[in-house]
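Report on the following structure.
Heavy-atom basis, side chains included; hydrogens, waters and symmetry copies ignored. One-based numbering, in listed order, for ligands and for the atoms of each. Residues take their numbers from the sequence shown, with the count starting at 1.
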Amino acid sequence: MKILAWLLSLLLCFTLCLGYNVSYDSRSLIINGQRKLLISAAIHYPRSVPAMWPGLVQTAKEGGVDVIETYVFWNGHEPSPGNYYFGGRYDLVKFAKIVEDAGMYLILRIGPFVAAEWYFGGVPVWLHYVPDTVFRTDNEPFKYHMQKFTTFIVNLMKQEKLFAPQGGPIILAQIENEYGYYEKDYGEGGKKYAQWSASMAVAQNIGVPWIMCQQFDAPESVINTCNSFYCDQFTPIFPNKPKIWTENWPGWFKTFGARNPHRPAEDIAFSVARFFQKGGSVQNYYMYHGGTNFGRTSGGPFITTSYDYEAPIDEYGLPRLPKWAHLKQLHLAIKLCEHALLNSEPTHVSLGPSEEADVFTNSSGACAAFISNTDDKNDKTVVFRNVSYHLPAWSVSILPDCKTVVFNTAKVASQTSVVEMASENKGLKGLKWEVFVEKAGIWGEADFVKTGFVDHINTTKFTTDYLWYTTSIFVDENEAFLKKGSSPVLLIESKGHALHAFVNDELQDSASGNGTHPPFTLKSPISLKAGKNEIALLSMTVGLQNAGSFYEWVGAGLTSVKIKGFNNGTIDLSAHNWTYKIGVQGEHLGLYKKDGSSNVTWVSTPDPPKKQPLTWYKAIVDPPPGDEPIGLDMIDMGKGLAWLNGEEIGRYWPRKSPTHGCVQECNYRGKFDPDKCNTGCGEPTQRWYHVPRSWFKPSGNVLVIFEEKGGDPLKIEFSRRKISGACAHAAVDYPSVDLESWREENGTNKSISTINLKCPENTRISTVKFASFGNPTGSCGSYTKGDCHDPNSTSVVEKICLNQNKCAIELAEEKFSRGLCPSVTKKLAVEVVCG
Ligand SMILES: *[C@@H]1O[C@H](CO)[C@@H](O)[C@H](O)[C@H]1NC(C)=O
Ligand SMILES: *[C@@H]1O[C@H](CO)[C@@H](O)[C@H](O)[C@H]1NC(C)=O
Ligand SMILES: *[C@@H]1O[C@H](CO)[C@@H](O)[C@H](O)[C@H]1NC(C)=O
Ligand SMILES: *[C@@H]1O[C@H](CO)[C@@H](O)[C@H](O)[C@H]1NC(C)=O
Ligand SMILES: *[C@@H]1O[C@H](CO)[C@@H](O)[C@H](O)[C@H]1NC(C)=O
Ligand SMILES: *[C@@H]1O[C@H](CO)[C@@H](O)[C@H](O)[C@H]1NC(C)=O
Ligand SMILES: *[C@@H]1O[C@H](CO)[C@@H](O)[C@H](O)[C@H]1NC(C)=O
Ligand SMILES: *[C@@H]1O[C@H](CO)[C@@H](O)[C@H](O)[C@H]1NC(C)=O
Ligand SMILES: *[C@@H]1O[C@H](CO)[C@@H](O)[C@H](O)[C@H]1NC(C)=O
Ligand SMILES: *[C@@H]1O[C@H](CO)[C@@H](O)[C@H](O)[C@H]1NC(C)=O
Ligand SMILES: *[C@@H]1O[C@H](CO)[C@@H](O)[C@H](O)[C@H]1NC(C)=O
């Protein structure tokens with residue numbers, strides 16, 4: 001009996017205590033002796049809030065994802081040397097356990113340099129000021145702190161039993177990040193550092209493999225991996241390594257003042273299918289949920305507070321359709337082929353100049369095939385195994401039985417959700433506001449006086465975005481401009497990032513650089529009076545540099561200040577004595593915090609000032625009703641920072657993008673680049689700012705805004721992110737396949753093409769806005785009828801869908817008008833309103 005009990009507990013322990021072994025061969029990772037084909041999704045824990053984590057992870061799982069991937073954000077975890085923080089959004093252990101509880105794996109990219117459009121690439125700013133430190137090279141202080149932090153994280157993960165061999169979810173860990181691009185700029189030190197990083201990591205003995213991405217000389221002790229829009233042509237350095245794609249970018253980040261990039265679902269699916277067709281076995285979406293750069297955590301400089309990334313789950317946590325669903329279908333189709341893919345020698349078959357098949361047949365004859373057309377313009381018809389297949393341009397078809405096309409990357413069957421930021425009619429109007437206006441220039445005691453200019457970042461050390469540069473100038477009453485009423489011109493040059501220029505407490509003008517060119521000049525007429533004039537220049541950072549060779553040395557701030565138009569010509573103030581003050585007063589007093597709010601006398605008013613620079617606004621607000629996610633609409637504000645209940649919403653800046661360079665419709669065909677499919681020309685890059693629901697209390701919420709240059713606070717409002725409608729289109733010749741129940745032995749599901757539409761829970765299809773069975777064109781929101789159109793389209797769709805939460809419309813000729821335009825391959829396009 002005792003022996004039996006002992007044996008049983010040993011058995012139990014074998015599955016629970018021992019965990020699983022992660023190894024690999026040239027084909028794939030091998031987990032507990034089994035080859036694995038893995039779909040991974042990047043979700044960065046500090047870019048959302050703990051209350052969102054379980055939902056995000058679950059939505060990824062429903063989307064066919066097996067692995068969650070995250071960086072570890074060093075500067076969030078070690079705010080000062082040796083002081084560690086793992087609370088709130090930085091609770092890495094909690095995040096890892098949520099992934100584990102969902103039955104998913106975790107890839108931990110420790111870095112600890114991560115880039116990630118995150119300030120300073122994730123490295124603590126204080127480390128730059130440890131004497132003799134140079135980041136990311138063979139430098140003792142840097143290596144010391146990097147090793148110390150890496151070891152700290154590894155030990156924490158071990159202590160929490162989070163590595164796979166301990167029974168935890170972590171199957172891979174990453175050291176460094178995309179160093180290969182810059183290594184040569186660091187000479188011999190770079191080479192040595194890369195090798196040191198690998199051996200330092202391997203010596204941590206974590207029981208799972210280490211990876212290095214974009215590391216072209218990675219040693220054999222680690223797996224080198226690929227980051228790009230396409231990685232089908234990637235081969236690892238060593239033949240015994242599996243082909244791993246750590247960053248497939250399903251969208252792109254945004255910078256304040258730039259357009260809004262989009263990567264079409266068809267192209268992402270194409271890139272993923274091509275990767276698995278060409279022998280890949282782990283693919284990670286960077287990002288799957290991008291989230292929010294709360295507070296001042298964004299990098300760049302100039303990266304927006306939103307890090308939506310046009311990812312499959314949007315910033316607010318909602319699945320982005322059709323992207324999320326199209327990729328889910330893709331994952332199901334790939335998984336139908338998993339066994340054949342991983343357990344056979346592929347055969348490559350050329351089917352034409354840009355058409356090819358890769359066929360995976362195992363020893364018992366099971367067969368799966370990927371057939372692709374990489375022509376970026378022309379659809380092709382190919383013959384594969386005596387069967388003819390139509391392949392749209394730039395697409396891959398997946399045939400889990402080598403006969404049936406269950407998925408084509410260019411055919412999007414999922415609905416497109418129409419998402420809007422619904423304004424709360426009430427807005428924040430009618431609230432009682434409290435206001436505190438700061439004076440321009442030095443408040444309290446000056447920090448220091450210096451002849452000439454200091455570097456902005458070296459001076460603030462990023463404890464704040466703001467640095468005052470102030471001086472004064474004496475104007476003789478005989479100056480001609482005083483008599484003529486003309487204006488002298490202020491000329492400023494700055495390394496970056498942005499500036500507001502005040503003279504005698506009045507805002508004269510503002511200027512800023514941009515994401516591709518942080519330095520800028522300001523040239524502006526100013527008003528000067530006879531006698532002493534106070535010049536106060538508020539210099540600002542908008543995120544710290546996050547990548548590049550020697551990126552930590554890139555500075556910011558003023559380099560030249562001149563005034564043109566004096567009797568004696570142009571006066572150069574650059575070598576004047578400048579008086580400096582770090583930060584703005586309200587920030588220093590903690591006006592956005594509960595305990596700092598009483599540090600000044602606020603002025604209560606129902607009518608807060610407009611266009612008033614350097615102003616703090618405070619209001620008590622109720623949470624918007626319902627449970628939709630919330631965005632703060634800042635379109636009528638200038639630039640500044642916002643907080644709710646002391647939590648940092650982040651920088652806001654409804655800066656407009658250029659008026660040109662956008663597309664009406666995006667052609668998915670052909671190589672993607674981030675400038676290919678831009679929208680939002682002439683509009684603010686970011687109008688709404690995510691305020692997580694979990695930050696609200698039932699009542700008495702304190703909203704605090706610091707406005708730098710002037711706006712209209714009465715126009716601020718909370719908007720609810722709502723799915724207000726849905727669109728879908730499909731052609732009659734593309735039968736829907738139910739991938740969740742598809743089985744090889746049953747082959748094609750001969751069902752006819754079907755359009756499925758679904759509104760959010762508790763809402764119904766209230767209107768059929770557009771329906772055309774025939775040859776409609778356009779995309780969601782802009783569908784138009786073609787020359788072939790069934791006049792009964794709307795009534796047919798209404799009959800099936802109206803007042804339903806969801807509906808399925810079969811594209812059977814008998815449902816529509818029989819014999820309509822016989823020579824046209826008909827399709828149906830539908831747009832409905834949910835209400
Ligand atoms: C893990 O798997 C590899 C390859 O199958 C094997 O060589 C190794 O001994 C295994 N390790 C453990 C601890 O089981
Ligand atoms: C071949 O693959 C099929 C499923 O695709 C599987 O059922 C079968 O066991 C495999 N045969 C071998 C020898 O691996
Ligand atoms: C294709 O057809 C030819 C002749 O009709 C036949 O000999 C051959 O076996 C077929 N191939 C396949 C893969 O079915
Ligand atoms: C030029 O004029 C300005 C303003 O009146 C005065 O402050 C400055 O000292 C003058 N500089 C020279 C070199 O005369
Ligand atoms: C950024 O600024 C530079 C220099 O002023 C300019 O040439 C460039 O067009 C700007 N880029 C964008 C996207 O506005
Ligand atoms: C910041 O300060 C350091 C140390 O004094 C100096 O080496 C560096 O050049 C400064 N950076 C800039 C951008 O001025
Ligand atoms: C600048 O300040 C220094 C002392 O810090 C002083 O000696 C010098 O006279 C000042 N220069 C001017 C132009 O005010
Ligand atoms: C702000 O107020 C809090 C509490 O009222 C106080 O502890 C803190 O020192 C004040 N800060 C400043 C800078 O005065
Ligand atoms: C597949 O075929 C079965 C049986 O005819 C049918 O019940 C099912 O709805 C079909 N699935 C799809 C997605 O059309
Ligand atoms: C395949 O089809 C047959 C007959 O329609 C049905 O009995 C069987 O359950 C199906 N198998 C699968 C795995 O769907
Ligand atoms: C439209 O539907 C009506 C009744 O459902 C039918 O009588 C009519 O023939 C249809 N129109 C066309 C063009 O088929």
Shortest protein contact, atom 13 (C) of ligand 2 (heavy atom only): Ser363 OG, 3.1 Å
- prompt: Which of the numbered atoms in ligand 7 are below 4.0 angstrom from a heavy atom of Asn577?
  reply: 1 (C), 2 (O), 3 (C), 8 (C), 10 (C), 11 (N), 12 (C), 14 (O)
Test log, rule side chain to side chain contact (heavy atoms under 4.5 Å, CB included), inputs Arg259 and Cys681: CA-CA 6 Å; Arg259 306 165 193 91; Cys681 279; 3.9 Å; yes
- request: Identify the protein heavy atom lying closest to atom 1 (C) of ligand 2, giving its residue, its atom name and the separation to 0.1 Å.
  value: Asn362 ND2, 1.4 Å
task: Mark whether atom 9 (O) of ligand 5 lies under 4.0 angstrom from at least one protein heavy atom.
output: no
- prompt: Of the options Phe275, Phe276, Tyr286, which is the one that meets Trp245 in a ring pair (Phe, Tyr, Trp, His ring centres under 6.0 Å)?
  reply: Phe275
- request: Under 4.0 Å, heavy atoms only, figure out whether ligand 2 is touched by the backbone of Asn343, its side chain, both or neither.
  value: neither
message: Please list the nearest protein heavy atom to atom 4 (C) of ligand 5 with its residue and the distance rounded to 0.1 Å.
response: His517 ND1, 3.3 Å
query: Is Lys241 close enough and on-axis enough to Tyr24, meaning under 6.0 Å and within 45°, for cation-pi?
result: no
query: Considering only the protein, which heavy-atom contact is closest to atom 2 (O) of ligand 5, and what is its distance?
result: Asn514 ND2, 2.3 Å
Side chain Trp468, main chain Ser539, donor-acceptor under 3.5 Å: no
field: Within 45° cone and under 6.0 Å: Arg655 NZ/CZ vs Phe256 ring
entry: no
message: Checking a contact table here: which protein heavy atom is nearest atom 5 (O) of ligand 2, and how many Å away?
response: Ala366 CB, 3.6 Å
message: Has Asn567 got a side-chain atom pairing as donor or acceptor with Ala480's backbone, closer than 3.5 angstrom?
response: yes
statement: Residues Glu310 and Pro261: closest non-hydrogen pair is OE1-O, 4.1 Å
- request: May I ask you to check if ligand 5 and Arg259 share an N or O to N or O distance below 3.5 Å?
  value: no
- prompt: To the nearest 0.1 Å, how far is atom 11 (N) of ligand 2 from its closest protein heavy atom, and which atom is that?
  reply: Ser364 OG, 2.6 Å
